[in-house]
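To start, the structure itself, in structure tokens.
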Amino acid sequence: MGVLLPCKENMMETNLEPTAGFEGFEKRLEIEFFVPSVFSDPDGMGLRMLSRAELNALLHVAECSIVSELKNGHFDSYVLSESSLFVYPYKIVLKTCGTTKPLKAIPLLLSYASNFSLKVKSCKYSRGAFLFPKDQPFPHGNFSDEVKFLEKYFGSLGGRAYVMGDVSGKRNWHIYSAADIGDDIDSRLEPVYTLEVCMTQLDKGLASKFFKGSCGSAAEMTQTSGIIDLLPGSNICDYAFDPCGYSMNGTEDNCFYTIHVTPEDSCSYASFECMGYNPQKVNLCNLVEKVICCFKPASFSLFLHVSGSDAVWNDVQSWGKNKCPSGYVCDGTSWELLPTGMAGYCIFKENIAGSLSFPQPGILFLDEELQLSKLKSELTKCAVKMSQYSGISAPDAGDVPLVVSPVIVDPAVEELDMLIEKINLHAQLKGPLYVMDLGLLRHWNSCEQITPRVQPLYAVKCNSDGAFLALLAALVDGFDMVSKAEGETVRKLGMSVGYIIFCKFFSKKEKTGESNGQATSIFGSA
């Protein structure tokens, strides 16, 4: 931690082949300058005095351009052909996506700053793990090259590079931070919160709002998507791309937030960033919840940077498992103390198990090659029993959902999750969904044919869930138990089973009781 860590991306050679999709993950460059003397800048305008021609030249080097702008008394904001630019008197934030080259703009930017007698105070460069890393031009082909490029200009400030997050390299957050605070003690200043959310695999219905075929204007996209309600007190400058895509900047006093959307299904991505909002006035956790509801991604990452005193360290660390949007689970966190402040990075993924449900318990089969006619009848009865066991009123047998899907051989977790999600979306299911791979039962049937005299029993201690046992009661010939409590669990189901085998050494006689007159109890010592 606190050093440049190797990752798969660092070892990739830049190879500019035709891209498989648009690169949504942005590169973010933030450079802050010391406030000069009043004699050097009597009006306190600093970088805001740059002409439009100078800004165009700067962005030309980075390979992007201005498409819209919005200004207030504190700073100037620009929507770009690839993301956004924010110009404060003594700070500039350049955020670009695609195959842009923001780092290439540094020499010209520093030249502009020297014309205003501005001295660099800090530099922060960050980005996620690219979806299409091989498409990135130098120096953005890998993080090592980016760091070397940054060190040429900010190495004297004590720059440090970090790779936070997933060691696999697929969900990393890369950050370079350098600062020369001198005698300017940050602890005496109000901490500045910068929050970034990067969302992938957007909900198709919500992503469709950002196609011009669905919404004809940027204003309509802002309204129908719910973006208009995120921070109601802000002024918005939005832009819709043709045939799809969306960008916006929102400004409020000296604060901003920005959103960029790539809605194509093959590379769907959306980003949200806000900077300068005081968490005492704007609940950032609730804000993230609202942002996620606008896009409902399958997964997203959250990066929080806070400049200021060590007093905010506990606040930064509270994100992740303690602050997790509903419907998602935290899949990893990491924290760093940077030269420019405190930083936290969290990865979240959709909690499919917690969100899938339907009125009565259902059974999903992942193999349709088996003869299901007889089994379907038995399992339907079990579904009724499962509903009774869980305290839900039992539906009519004909109403119990039984879904037979296409054949899946050893499905990967991602494929299984996608299948369940698809069924949930199309069937409007509510309640627990029990998943069973019937491909495994084919081996069971084969064993029964080879050893017809063997009667398989299920060991209740492996999984004593009532709904699961009710399902197995239709398949196995009996149960193997090691405690009276397990026997009571089976009895509550009211299932007709062939045998209940009680494998336990008894210090004194225990009774299992009757089981509808159907069970044969066999006692033995283990």
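Listed by chain and residue number, nothing satisfies the ring pair (Phe, Tyr, Trp, His ring centres under 6.0 Å) test with Tyr176 (two or more places apart in sequence, or in another chain). Applying the ring pair (Phe, Tyr, Trp, His ring centres under 6.0 Å) test to Phe154 and every residue at least two apart in sequence or in another chain returns nothing. For Lys148, there are no salt bridge (Lys or Arg N to Asp or Glu O under 4.0 Å) partners two or more places apart in sequence or in a different chain. Residues satisfying the salt bridge (Lys or Arg N to Asp or Glu O under 4.0 Å) test with Asp229, not counting sequence neighbours, are none. Every residue two or more places apart in sequence or in another chain that forms a salt bridge (Lys or Arg N to Asp or Glu O under 4.0 Å) with Lys95 is listed here: Glu196, Glu273. Residues passing the salt bridge (Lys or Arg N to Asp or Glu O under 4.0 Å) test with Asp76 are Arg48, sequence neighbours excluded. Remark: Phe33 engages no residue in a ring pair (Phe, Tyr, Trp, His ring centres under 6.0 Å) (not counting sequence neighbours). For Tyr90, the ring pair (Phe, Tyr, Trp, His ring centres under 6.0 Å) test picks out no residue, with sequence neighbours left out.
At distances below 3.5 Å, not a single donor-acceptor pair connects side-chain atoms of Ser247 with backbone N or O atoms of Val79. Between the side chain of Asn278 and the backbone N or O of Gln280, at least one donor-acceptor pair lies under 3.5 Å. Side-chain atoms of Asp253 never come within 3.5 Å of backbone atoms of Cys255 as a donor-acceptor pair (strictly under, hydrogens ignored).
Atoms CG and CE, from Asn254 and Met275 in turn, are 8.0 Å apart once rounded to the nearest 0.5 Å. Separating the CD1 atom in Ile259 from the OG1 atom in Thr222 is a distance of 8.0 Å, to the nearest 0.5 Å. Atoms OG1 and CG, on Thr100 and Leu80 in that order, are 9.0 Å from each other to the nearest 0.5 Å. The structure places CG of Leu109 at 10.0 Å from OG of Ser114, a figure rounded to the nearest 0.5 Å. Atom CZ of Phe272 sits about 4.0 Å away from atom CG of Leu287, to the nearest 0.5 Å. With rounding to the nearest 0.5 Å, the separation of CZ in Arg160 from CD1 in Ile175 is 12.0 Å.
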Please list, one pair per line, the donor and acceptor atoms closer than 3.5 Å that link side chains of residues 325-332 to other protein atoms, with sequence neighbours excluded.
from	atom 1	to	atom 2	distance (Å)
Ser326	OG	Glu289	OE1	3.3
Tyr328	OH	Pro297	O	2.6
Asp331	OD2	Arg171	NH1	3.0
Asp331	OD2	Arg171	NH2	2.7

Donor-acceptor list for residues 204-217 side chains, cut-off 3.5 Å, not counting sequence neighbours:
from	atom 1	to	atom 2	distance (Å)
Ser208	OG	Gly205	O	2.5
Ser214	OG	Ser208	O	3.0
Ser217	OG	Glu220	N	3.2

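Put simply, the side chain of Leu284 reaches to within 4.5 Å of the side chain of Cys274, judged on heavy atoms. Contact check for Ile347 versus Trp173: no side-chain heavy atoms found under the 4.5 Å cut-off. Here the side chains of Asn249 and Phe86 are in contact, with some heavy-atom distance below 4.5 Å. Side-chain contact between Leu58 and Ile92 is present, with heavy atoms from C-beta onward closer than 4.5 Å. Side-chain contact between Asp41 and Val35 is absent, with no heavy atoms from C-beta onward closer than 4.5 Å. A heavy-atom distance below 4.5 Å is found between the side chains of Glu69 and Arg52. With a 4.5 Å cut-off on side-chain heavy atoms, Met199 and Ile292 count as touching. Within the 4.5 Å cutoff, the side chain of Cys267 has heavy atoms near those of the Thr262 side chain.
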Residues Ile227, Met248; criterion side-chain contact (heavy atoms from CB on, under 4.5 Å); working and verdict: CA-CA 9 Å; Ile227 291 174; Met248 67 79 65; 4.3 Å; yes
Kindly determine whether Glu82 and Cys97 satisfy side-chain contact (heavy atoms from CB on, under 4.5 Å), including the steps that lead there. CA-CA 5 Å; Glu82 283 85 6; Cys97 56; 3.7 Å; yes
When you look at Arg28 and Val93, which way does the side-chain contact (heavy atoms from CB on, under 4.5 Å) test go after all the steps? CA-CA 7 Å; Arg28 185 185 189 279; Val93 178; 3.7 Å; yes
Trace of the side-chain contact (heavy atoms from CB on, under 4.5 Å) decision for Phe300 with Phe295: CA-CA 10 Å; Phe300 70 94; Phe295 301 99; over 6 Å; no
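Side-chain atoms of Ser307 and Thr340 form no donor-acceptor pair, as typed in the model, at a separation below 3.5 Å.
Look at Glu146 and Lys27 and you find no salt bridge, because none of the NZ, NE, NH1 or NH2 atoms lies under 4.0 Å from a carboxylate O.
Counting heavy-atom neighbours within 6.0 Å of Lys91 NZ, excluding the residue itself, gives a total above 12. Enclosure of atom NZ in Lys296 is not indicated, since only 12 or fewer non-hydrogen atoms of other residues, nucleotides or ligands lie within 6.0 angstrom.
Residue Ser77 comes nearest to Thr251 through the heavy atom pair OG-CG2, 3.7 Å, listed as atom of the first residue, atom of the second, then distance. Of all heavy-atom pairs spanning Ser117 and Pro36, the tightest one is O-CB, 4.0 Å. The two residues Pro102 and Ala62 make their nearest non-hydrogen contact at CA-CB, 3.9 Å. For the residue pair Asn283 and Asn286, the shortest heavy atom distance occurs at OD1-N, 2.9 Å. Between Pro339 and Gly158, the shortest heavy-atom distance links the atoms CG-O, 4.0 Å. The minimum heavy-atom distance between Gly341 and His305, with the atom names listed, is N-NE2, 3.8 Å.
Aromatic ring orientation, Phe149 versus Tyr153: tilted (interplanar angle from 30° to 60°). The aromatic rings of Tyr125 and His140 are tilted relative to each other, their planes meeting at an angle between 30° and 60°.
Sorted by first and then second residue, the pairs that involve residues 101-113 and meet side-chain hydrogen bond (donor to acceptor under 3.5 Å, both in side chains), not counting sequence neighbours, are Glu63-Lys101. Pairs engaging residues 56-76 under the ring-ring contact (aromatic ring centres under 6.0 Å, His included) rule: Phe75-Tyr88 [sequence neighbours left out].
Ring centroid separation for the pair Tyr269 and Phe25 comes in under the 6.0 Å cut-off.
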